[in-house]
Amino acid sequence: MTAPEISNVRVRFAPSPTGYLHIGGVRTALFNWLFARHHGGKFILRVDDTDQARNVSDALQPIMDGFKWLGIDWDEGPEVGGPHAPYFQSQRSDIYAAAVEKLLADGSAYKDYSRPEEFAAERQAAEKEKRQFIYSRSWMAKTAADAARFEAEGREAVVRLKLPRTGQCEFQDMVRGAMSFAWAGEQDHVIQRKDGSCLYHLTNVVDDAAFEISHVIRAIEHLPNTPRQIFIARSLGLELPKYAHLPFVAEPGSSNKLSKRKLDKYLKNRDFKVLYDHGERIAKQIGFSAAPETFNPVIIDFYREIGFLPDAILNYLLLLGWSLDDHTEDFSREAMIRDFGLDRINKSPASFDPQKLTAFQSRYMWRLTLDQRLEMVLPYLEKAGLITTPVNEDSRSKVKQILEAANERLSCAGDILDYQEFFLTDEAIEYEEKAFRKRLVNANTQRELLKKLRKPLAETPEYSAHAIEALLRSFVEQEETGLGMIVHALRVALTGKAVGFGLFEILAILGKQSCMTRIDRAIKLAEEAASSNE
RNA sequence: GGCUCCUUCGUCUAGUGGUUAGGACUCGAGAUUUUCAUUCUCGCAACAGGAGUUCAAUUCUCCUAGGAGUCACCA
């Protein structure tokens, strides 16, 4: 498929300020952004706040923060301005009012004086008779005299589109091909309220033209809106953008559209729940509290808070409805921009898979250098109060050691908090009950071995993982036993846990002093428990 | 219900008029390993159904079924 020369690409993402950035919105924005960058065009952020009573700047901030964090930058819009400012619809009323006047003047729209209940009654009657509702236009003001008469009755007018009632609206969609809608299926949509404020379809079309938007790339739920928007644009004599309607992002394990309102339902999905719990665990430890409605895997802030990588998220989202070929999965930003195109977007919905997202995240995490991981992880330890702020050199080198020992065990930055035992005081170690019993209380031989090991361990001059390994190996050889006999007891004694990093590394990180204290304490507690058992 | 759309492993997807229908995630088994994780090897698993066109259909056409989106003085 050879793309025609596309020059002067201008695309936009137009969120309404809701206070959070939804994962599906991110994907739509990403596709727009990639398309712009691929073609050397402009990506514009426009704020669709025509109907917001709330504080727009408060509700917009999380959205912009989300994009900034993800590295999706906009060329025109809030904060950066641009040649078509303002980029807030709430500040563009005059432009919309002029457009309405123009539509009124040429008969593409009309003043409708029906009372809401009268209009509703017509609709209900149609529904009752199971026929398609078509407004009678009984209260349409055809002339100034009509208007005066209606107003004398105390009526107020909204402005409705006067849509054609025959024929087809045909257009080309870059994802879905030739589209055709019967005009008869359209309603006379309201474009301006009584108070003069304008509605979405009008503002959207007017602004897309004003901003010289070349391609409208948006979610499929807007497809049915397209004919009326085309009608507005044509009536206004505006040039039509090209349309590309993206399949929506579906719920995990279902083909329903992903929504922020169905958290309870998603929590019943095993994979979603795992991710959610993961995040909650981290949030709790760093003292971050937010309502589940704004802190969950559907909202982008969730990932930033627990230490995901923007590139991993983008890479995952890119592949939700788009692919390059049968094998390429890893896309750096440069590669995405280079390879992205509308022609390989899928038509069917793609469901959000928390496991696959996590898999991408783990992979990206592991690709970072040790120092990069260190910088990511440090803030979590600070927030959890496990290291002091500012971070001193001792902490840094210790955390570095931990990260080396951790290997690929951290899937995101917040996971460092799973290894608190390296930061707690020796007396604060809590033992997993089952492991403690199995490896120390009900394991006389192993406990005795541990006691015996104490001396050589205390006396060894070198306390590196390497030296400790040599020491332990020769120790078990002397005792004519296997490593397994000492490893588990020692791990539980030192960390309180049954599983964890390589044991020799654990010893080295803890240091001789801590190890001695912890071994002594564990033996003492185990012996007490053992004797009280008898 | 009207309109519009969608349908390849559980999930994301590749693909072709003739393929053992490919990859990734997940899952399972084995190997390695001091545990866990990693790593390695192997494996499970899909063309919604039915007609038609054709020597040949997962691929083209039609129908059916299922699923979805949307039907505001929201965006």
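Side chains included, hydrogens not; waters and symmetry mates left out as well; all remaining heavy atoms used. So that the names make sense, note that chain A is the first sequence line, chain B the second, and so on, each numbered from 1.
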Exercise. Would you verify whether the NZ or CZ of Arg160(A) falls within 45 degrees of the ring axis of Tyr135(A) while also being under 6.0 Å from that six-membered ring's centre?
Key: yes

Quiz item: Looking at Phe119(A), does the NZ or CZ of Arg123(A) lie under 6.0 angstrom from its six-membered ring centre and within 45 degrees of the ring axis?
Solution: no

Self-check item: Summary of protein contacts for nucleotides 4-16 of chain B, nucleotide by nucleotide, where a base hit scores B, a sugar-phosphate-only hit scores S (4.0 Å, heavy atoms)
Solution: SSSS---BBSSS-

Nucleotide nearest [X] when distance is taken to its side chain, options [options]:
X: Val499(A); options: C36(B), A24(B), A75(B); answer: C36(B)
X: Val190(A); options: A24(B), C73(B), U70(B); answer: C73(B)
X: Asn256(A); options: C73(B), G69(B), U35(B); answer: G69(B)
X: His201(A); options: A75(B), U34(B), G69(B); answer: A75(B)

Would you indicate what [X] reaches in the nucleic acid, counting non-hydrogen atoms under 4.0 angstrom: base, sugar-phosphate, or nothing?
X: Leu503(A); result: base
X: Arg46(A); result: nothing
X: Lys194(A); result: base
X: Gly500(A); result: base
X: Arg123(A); result: sugar-phosphate
X: His245(A); result: nothing
X: Pro252(A); result: nothing

Give none if [N] has no partner; otherwise give the nucleotide forming a Watson-Crick or G-U wobble pair with it, both distances under 3.5 Å.
N: U54(B); answer: none
N: C73(B); answer: none
N: C42(B); answer: G28(B)
N: G66(B); answer: C6(B)
N: U16(B); answer: none
N: A21(B); answer: none

Using atom [atom1] of [X] as one end and atom [atom2] of [N] as the other, report the distance to the nearest whole Å.
X: Lys257(A); N: G67(B); atom1: NZ; atom2: P; result: 19 Å
X: Phe504(A); N: C36(B); atom1: CZ; atom2: P; result: 15 Å
X: Tyr200(A); N: C71(B); atom1: OH; atom2: C1'; result: 15 Å
X: Asp418(A); N: A37(B); atom1: CG; atom2: C1'; result: 12 Å
X: Gln132(A); N: G2(B); atom1: CD; atom2: P; result: 11 Å
X: Arg228(A); N: U70(B); atom1: CZ; atom2: P; result: 12 Å
X: Leu494(A); N: U34(B); atom1: CG; atom2: C1'; result: 13 Å
X: Gln446(A); N: U34(B); atom1: CD; atom2: P; result: 16 Å

Practice problem: Using the closest heavy atom to pick a nucleotide of RNA chain B for each, name whichever of Arg473(A) or Leu199(A) lands nearer the 5' end. | Solution: Arg473(A)

Quiz item: Mapping Glu408(A) and Phe360(A) onto RNA chain B by nearest heavy atom, which one lands closer to the 5' end?
Solution: Phe360(A)

Could you work out the separation of [N] and [M] based on their [atom1] atoms and round it to a whole Å?
N: A14(B); M: G2(B); atom1: C1'; answer: 37 Å
N: A45(B); M: G10(B); atom1: C1'; answer: 9 Å
N: C47(B); M: A31(B); atom1: C1'; answer: 35 Å
N: G1(B); M: U11(B); atom1: C1'; answer: 33 Å
N: U70(B); M: C44(B); atom1: P; answer: 40 Å
N: A57(B); M: U19(B); atom1: P; answer: 11 Å
N: U58(B); M: G50(B); atom1: C1'; answer: 15 Å
N: G17(B); M: U53(B); atom1: C1'; answer: 11 Å

Quiz item: With ring centroids as reference points, do Tyr87(A) and Trp74(A) lie under 6.0 angstrom apart?
Solution: no

Quiz item: Using the benzene-type ring in the case of Trp, are the ring centres of Phe340(A) and Phe31(A) under 6.0 Å apart?
Solution: yes

Quiz item: Looking at side-chain heavy atoms only, is the closest gap between Leu21(A) and Pro62(A) below 4.5 Å?
Solution: no

Practice problem: Determine whether Pro247(A) and Lys347(A) make a side-chain contact, defined as any pair of heavy atoms from C-beta on separated by less than 4.5 Å. | Solution: no

Exercise. State plainly whether the residues Lys260(A) and Glu293(A) are in salt-bridge range, i.e. N to O under 4.0 Å.
Key: no

Quiz item: With the threshold set at 4.0 Å, does a side-chain nitrogen-carboxylate oxygen contact exist between Arg363(A) and Asp330(A)?
Solution: yes

Exercise. State whether a side-chain donor-acceptor pair under 3.5 Å links Arg176(A) with His245(A).
Key: no

Quiz prompt | side chain to side chain donor-acceptor pair (under 3.5 Å) contacts in which one or both residues fall within residues 485-509 of chain A, not counting sequence neighbours | solution = Glu421(A)-Lys497(A)

Does [X] make a side-chain N or O approach to OP1 or OP2 of [N] shorter than 4.0 Å?
X: Thr50(A); N: A75(B); result: yes
X: Arg193(A); N: C74(B); result: yes
X: Arg439(A); N: U35(B); result: no

Quiz item: Should the heavy atoms of other residues, nucleotides or ligands under 6.0 Å from CD of Glu433(A) be counted, would the total exceed 12?
Solution: no

Practice problem: Establish whether the base of U38(B) is bridged to the side chain of Arg409(A) by a donor-acceptor pair shorter than 3.5 Å. | Solution: no

